[in-house]
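See structure below.
Given the structure is predicted, the values throughout are model-derived calculations rather than measurements.
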Amino acid sequence: PAPAAAAARAARAAPASPSPGPAEEPRKKKLTSLKKRILLERVERYYAVHPEARPKATVVFSNVARRAELEDVEEREEVLRDVGEMCRAVAPALVVEVAEEDEGEFAAVEAHFPTTEEARAVASALGERVVGGSRLRVRVKGEGWAVRLVDALRAEETEDPEELEEAVADLEAVAAAAPGALDSFARDGVDCVAVYATRADAEAARARLSATTIGGERLRVVLGGDEAAEHRLALRGVCSAEALHDDDELDEIEADV
């Protein structure tokens with residue numbers, strides 16, 4: 001039939017369509033600083049009109065996602081949704097958002113609750129959960145308990161950035177291995193401060209860390225973080241400026257003290 005033959009000839013005459021190249025990777029949507037600011041302003045305007053809806057307590061998740069991951073809008077929404085679902089198993093959160101505070105390579109995620117009791121219940125239940133091979137670092141904001149490792153770093157370690165980083169990482173590993181949910185770890189001069197979710201966690205960690213020996217010396221550990229100063233005495237006027245330059249005299253003064 002003529003129509004079929006004509007269609008066949010037209011098909012043979014038509015130029016071949018180019019073969020599709022490799023599929024392009026979809027471009028990730030970034031959340032700009034302007035968008036972040038607009039979102040925060042909208043939230044604040046809502047709370048100004050509905051003050052009764054403002055959360056009374058916040059649970060901080062310190063290690064659920066790396067900061068770079070949350071720059072992508074879709075990944076960010078997925079992480080926030082996952083955190084919200086974990087919370088809902090214990091108590092529903094009013095709002096789940098990325099915190100402004102810096103947790104290093106990780107971005108802290110905050111879940112806000114209408115009562116302190118609900119926030120504490122969530123932190124207690126999820127603080128024992130293991131995700132991706134790591135235990136979640138969870139705390140009620142403003143309620144962490146600190147354990148101070150006094151003089152944990154040698155003065156010479158603080159002078160070499162690489163040696164200092166390695167020493168702090170080793171101490172953090174020791175603190176993380178202790179009983180209790182370690183929330184954060186930071187250097188403070190030659191001391192290091194480990195923050196745990198609850199007082200019970202901090203006390204259990206202190207007991208374990210106090211029995212730990214590093215470099216032939218047992219760690220000196222006190223509960224209370226910055227309150228460690230209450231456990232020290234400052235003896236003023238016992239050493240002259242000249243004695244600081246005489247090792248023998250300085251050793252004698254320290255022995256006398």
Side-chain angles (χ1 to χ4, degrees), residues 58-67 69 83 86 99-111 119-232:
T58 298
V59 174
V60 181
F61 295 79
S62 300
N63 64 337
V64 291
R66 287 176 169 79
R67 187 163 298 279
E69 295 173 340
V83 171
M86 285 192 294
E100 290 298 311
E101 63 187 81
D102 188 1
E103 297 284 350
E105 69 170 310
F106 290 99
V109 172
E110 294 182 342
R120 288 172 177 166
V122 169
S124 176
L126 299 183
E128 298 299 321
R129 181 168 298 187
V130 175
V131 176
S134 300
R135 185 163 58 179
L136 286 179
R137 292 184 177 182
V138 187
R139 76 177 190 278
V140 178
K141 195 169 186 177
E143 291 192 358
W145 286 84
V147 171
R148 179 173 291 266
L149 282 61
V150 181
D151 296 332
L153 298 166
R154 300 191 307 274
E156 55 267 26
E157 288 177 326
T158 64
E159 297 171 359
D160 184 333
E162 292 185 2
E163 188 174 356
L164 175 61
E165 182 179 357
E166 183 179 351
V168 172
D170 289 344
L171 288 167
E172 181 175 5
V174 171
L182 177 66
D183 180 69
S184 64
F185 191 87
R187 170 199 168 208
D188 182 14
V190 293
D191 295 356
C192 286
V193 179
V195 178
Y196 294 86
T198 67
R199 182 185 180 95
D201 283 349
E203 290 177 339
R206 179 182 61 172
R208 173 73 64 82
L209 293 170
S210 296
T212 301
T213 300
I214 294 181
E217 296 184 6
R218 181 169 293 186
L219 287 175
R220 294 169 53 202
V221 186
V222 294
L223 183 65
D226 292 334
E227 298 172 5
E230 296 178 3
H231 301 271
R232 301 181 184 178

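To the nearest 0.5 Å, atom CZ of residue Phe61 and atom CZ of residue Arg139 are 11.5 Å apart. Taken from CG in Asp191 to CZ in Arg220, the straight-line distance is 8.0 Å, to the nearest 0.5 Å. If you take CD on Glu165 and CG on Asp170, they are separated by 10.5 Å, rounding to the nearest 0.5 Å. Residue Arg206 holds its CZ atom at 12.0 Å from CG of Leu149, rounded to the nearest 0.5 Å. The distance from atom SG of Cys192 to atom CG of Leu209, rounded to the nearest 0.5 Å, is 11.0 Å. Interatomic distance, Met86 CE to Arg129 CZ, rounded to the nearest 0.5 Å: 6.5 Å.
Proximity of Leu171 to Ile214: side-chain heavy atoms (C-beta onward) are separated by under 4.5 Å at one or more points. Between Glu110 and Val59, the closest side-chain pair of non-hydrogen atoms is not below 4.5 Å. Two residues are said to be in side-chain contact when any heavy atoms from C-beta on lie closer than 4.5 Å; Leu219 and Thr213 fail this criterion. Side-chain contact check for Val138 versus Val60: every heavy-atom pair is 4.5 Å or farther apart. Residues Glu203 and Leu223 form a side-chain contact, since some pair of their non-hydrogen atoms from C-beta on lies under 4.5 Å apart.
Here the shortest heavy-atom pairing between Ala146 and Val193 reads CB-CG1, 3.8 Å. Of all heavy-atom pairs spanning Glu157 and Leu164, the tightest one is O-CB, 3.3 Å. Annotation for Arg67 and Ala107: closest pair NH2-CA, 3.6 Å, computed over non-hydrogen atoms. In this structure, Gly189 and Leu153 approach most closely via the heavy-atom pair O-CD1, 3.8 Å. Across Ala194 and Ala175, no two heavy atoms sit closer than the pair CB-CB, 4.1 Å.
Although no hydrogens or angles enter the test, the distance criterion places no donor-acceptor pair under 3.5 Å between the side chain of Asp201 and the main chain of Tyr196. For the pair Asn63 (side chain) and Leu136 (backbone), a donor-acceptor distance under 3.5 Å is absent. Counting only distance, with no hydrogens or angles, the side chain of Ser124 and the backbone of Ala121 share no donor-acceptor pair below 3.5 Å. A distance-only check finds no donor-acceptor pair linking the side chain of Arg148 to the backbone of Val150 [under 3.5 Å].
Using a 4.0 Å cut-off between a side-chain N of Lys or Arg and a carboxylate O of Asp or Glu, Arg137 and Glu172 qualify as a salt bridge. Ion pairing of Arg154 with Glu163 is present here, as a side-chain N (NZ or NE/NH1/NH2) and a carboxylate O approach within less than 4.0 Å.
For Glu162, the CD atom is loosely surrounded, since the number of other residues' heavy atoms within 6.0 Å does not exceed 12.
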